[in-house]
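I have placed the structure first, in the form of structure tokens, so that the comments after it can refer back to it.
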There are 2 protein chains.
Amino acid sequence: MTLTNMNSQVVKYYDPNDYDRPSVTVDILIFAIDDGQLKVLLVKRKEAPFLGEWALPGGFVKINEDLETAAIRELKEETGVKDVYLEQLKSFGDPSRDPRMRVITVAYIALIPSSAIPLQASTDALEVKWFAVASTPKLAFDHHEIIDAGLDRLRGKVRYTNIVFALMPPTFPLSQLQETYEIILDHQLDKRNFRKKMLSLDILEPTDQQVTGAHRPSLLYRFKKRDLVIFD
Amino acid sequence: MTLTNMNSQVVKYYDPNDYDRPSVTVDILIFAIDDGQLKVLLVKRKEAPFLGEWALPGGFVKINEDLETAAIRELKEETGVKDVYLEQLKSFGDPSRDPRMRVITVAYIALIPSSAIPLQASTDALEVKWFAVASTPKLAFDHHEIIDAGLDRLRGKVRYTNIVFALMPPTFPLSQLQETYEIILDHQLDKRNFRKKMLSLDILEPTDQQVTGAHRPSLLYRFKKRDLVIFD
DNA sequence: TGAATAGTGTCTTTCAGACAATATGCC
DNA sequence: GGCATATTGTCTGAAAGACACTATTCA
């Protein structure tokens with residue numbers, strides 16, 4: 001498409017109608033620690049394609065809506081949760097990932113504190129369920145691939161950031177923090193070395209509260225800042 | 001939109017026409033080391049908006065084209081280069097990032113070996129130029145933001161991967177490798193410590209060739225594998 | 001007092017970082 | 001011989017990792 005502007009120069013304009021446009025969605029990987037496992041929230045699809053199969057929560061990006069805003073909206077609509085850690089993961093655009101039409105999806109990771117897990121969620125009459133990431137059912141679209149990419153990101157970032165803050169309740173004993181690391185990294189850590197390291201990072205502060213039980217009470221800690229900090 | 005299927009169930013279908021769809025582009029950050037600086041390739045726009053301003057090379061994703069395929073195609077079309085390291089960076093979708101219409105862009109990083117820098121590029125009669133990342137001109141769209149995100153990614157990944165392989169020629173003296181790290185990290189490194197570290201990583205192998213000049217000859221090395229390796 | 005978990009310190013090894021002298025080739 | 005760059009090793013301090021016992025509460 002070309003036009004001539006006021007200075008009589010020929011100018012190429014692009015026009016949305018010159019091109020077929022894909023649909024764009026956001027999909028959200030909502031992770032939480034529960035029952036000693038890393039879990040991901042899935043919804044049962046009520047539409048074709050993949051009707052009746054489990055899938056990541058998500059939906060179309062509105063035409064005047066920012067990507068992150070769309071992710072926040074979907075998160076709220078489908079699960080009722082808000083004010084969580086949200087980070088863009090990656091976009092997936094294989095032309096055949098949706099059998100009916102071209103859909104490009106921007107995947108986000110959301111992390112929810114254990115204390116905030118809604119058992120069954122939301123305003124909608126949607127079937128929503130937590131699954132251990134190690135044993136998810138067959139999933140719609142390329143959502144397995146998205147989960148794998150999200151796990152890689154999470155496991156990588158745990159090593160050089162304080163990202164676990166977003167998975168922890170406001171206060172917690174150090175043993176619970178260690179357990180969170182162990183679940184994500186999928187290996188055991190030495191208690192003494194873990195405590196030494198964590199306390200040396202200067203990202204935690206003790207509260208004046210304790211947890212009691214049939215054993216020695218444990219001191220509760222909290223994160224000094226609940227924002228992402230990159231170490232080094 | 002609802003239909004009734006063969007089992008008389010009411011089924012919701014989505015239809016692309018139920019929604020306004022954004023346009024989707026790919027933009028490519030092409031980095032190379034040249035003249036002791038990290039440079040990025042920019043093109044002068046020949047279309048509105050931002051006609052005449054410098055921008056990242058990129059263009060629309062075709063309706064049946066994978067995102068990475070689109071990035072490879074644009075890379076080739078606009079610069080003539082191919083067979084380079086390519087990694088998805090991030091998607092940018094602020095509704096006002098393009099003043100005329102909704103355009104979501106998926107940004108990619110491409111890394112080119114110094115030896116492969118095309119001085120002026122391409123089949124097209126496009127104006128294309130390398131700029132030091134430290135002194136880019138005013139850019140179209142949100143391309144400054146994309147460059148900043150790309151620099152963060154590159155500087156981060158240099159620390160825990162062998163990603164610099166993609167910026168190096170097939171063989172090189174260790175001093176050139178060190179210079180590449182220094183340019184990216186923007187600080188000087190100790191020669192002895194650098195060599196000790198690099199050689200201990202087991203990612204390099206010596207060739208039987210030397211570089212000569214008005215000084216002691218230096219041994220040429222090459223990367224054992226020209227694929228991304230994550231350390232640890 | 002037994003069960004359960006919290007809390008603590010030392011030693012060893014590894015790695016990062018500071019630091020300077022010799023080697024080689026070309027002119 | 002003089003210049004330019006390549007190449008090499010030691011020491012120190014910090015951090016990671018292995019490792020085991022005592023402390024506290026509750027039933």
Side-chain angles (χ1 to χ4, degrees), chain A residues 33 35-36 114 155-156 158-162 164 168-169 171-222 229-232, chain B residues 33 35-36 114 155-156 158-162 164 168-169 171-222 229-232:
Chain A
I33 302 283
D35 190 28
S114 319
R155 290 185 177 129
V158 153
R159 297 174 175 278
Y160 65 96
T161 73
N162 66 344
V164 290
M168 301 300 293
T171 65
F172 47 84
L174 284 182
S175 56
Q176 188 185 346
L177 185 63
Q178 179 175 342
E179 193 196 6
T180 300
Y181 274 88
E182 289 175 339
I183 291 165
I184 294 171
L185 296 173
D186 195 31
H187 66 255
Q188 302 294 109
L189 300 171
D190 179 84
K191 190 176 17 170
R192 284 160 295 184
N193 293 337
F194 178 81
R195 298 166 81 94
K196 194 190 343 178
K197 175 68 177 169
M198 273 299 141
L199 296 174
S200 76
L201 287 174
D202 195 39
I203 58 174
L204 298 176
E205 60 187 7
T207 68
D208 54 6
Q209 308 226 309
Q210 294 183 324
V211 172
T212 58
H215 50 78
R216 177 168 174 178
S218 54
L219 191 54
L220 289 172
Y221 286 81
R222 85 178 121 242
V229 176
I230 297 172
F231 304 146
D232 266 358
Chain B
I33 302 283
D35 190 28
S114 319
R155 290 184 177 131
V158 153
R159 297 175 175 278
Y160 64 94
T161 74
N162 66 343
V164 289
M168 301 299 294
T171 66
F172 47 84
L174 283 181
S175 56
Q176 188 185 346
L177 185 63
Q178 179 175 344
E179 193 195 7
T180 300
Y181 274 88
E182 289 176 338
I183 291 165
I184 294 171
L185 295 172
D186 196 30
H187 67 256
Q188 301 294 108
L189 300 170
D190 179 85
K191 194 177 5 174
R192 284 160 293 184
N193 294 336
F194 178 81
R195 299 167 79 95
K196 193 186 351 172
K197 177 67 178 169
M198 273 300 141
L199 295 174
S200 77
L201 287 174
D202 194 37
I203 57 175
L204 298 177
E205 58 186 10
T207 68
D208 54 5
Q209 309 225 309
Q210 294 184 324
V211 171
T212 56
H215 51 77
R216 177 171 173 176
S218 55
L219 191 54
L220 289 172
Y221 286 81
R222 85 179 120 242
V229 176
I230 298 172
F231 304 146
D232 268 358

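Order of the sequence lines sets the chain letters (A, B, ...), proteins ahead of strands, with each chain counted from 1.
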Exercise. Starting from C1' on C:dT5, measure out to NE2 on A:His215 and report it in whole angstrom.
Key: 5 Å

Self-check item: Nearest listed nucleotide, side chain of B:Pro217, among C:dG25, C:dA6, D:dC26
Solution: C:dG25

Self-check item: Worked verdict on A:Leu185 versus A:Arg159 for side-chain contact (heavy atoms from CB on, under 4.5 Å)
Solution: CA-CA 9 Å; A:Leu185 296 173; A:Arg159 297 174 175 278; 4.3 Å; yes

Practice problem: Compute the centroid of each ring, for A:Phe194 and then for A:Tyr181, and state whether the two points are separated by less than 6.0 Å. | Solution: yes

Exercise. Report the distance from atom CG of A:Leu201 to atom P of D:dA15, rounded to the nearest whole Å.
Key: 10 Å

Practice problem: For residues A:Leu201 and A:Val229, determine if any side-chain heavy atom of one lies less than 4.5 Å from a side-chain heavy atom of the other. | Solution: no

Self-check item: Value in whole Å for how far the C1' atom of C:dC15 lies from CZ of B:Arg159
Solution: 16 Å

Practice problem: May I have the distance from B:Lys197 (atom NZ) to C:dC15 (atom C1'), rounded to whole angstrom? | Solution: 7 Å

Quiz prompt | Interface with DNA chain C, restricted to residues 171-195 of chain B and to heavy atoms under 4.0 Å | solution = B:Asp190, B:Arg192, B:Asn193

Quiz item: Looking at CG of A:Leu174 and CG of A:Leu219, how far apart are the two atoms once the value is rounded to the nearest 0.5 Å?
Solution: 7.5 Å

Quiz item: Could a donor-acceptor pair under 3.5 angstrom be found where the side chain of B:Lys196 meets the base of C:dG17?
Solution: yes

Self-check item: Given D:dA15, C:dA6, D:dA6, the nucleotide with the shortest approach to the side chain of A:Ser218
Solution: C:dA6

Self-check item: Toward the 5' end of DNA chain D, by each residue's nearest nucleotide, B:Ala214 or B:Leu219
Solution: B:Ala214

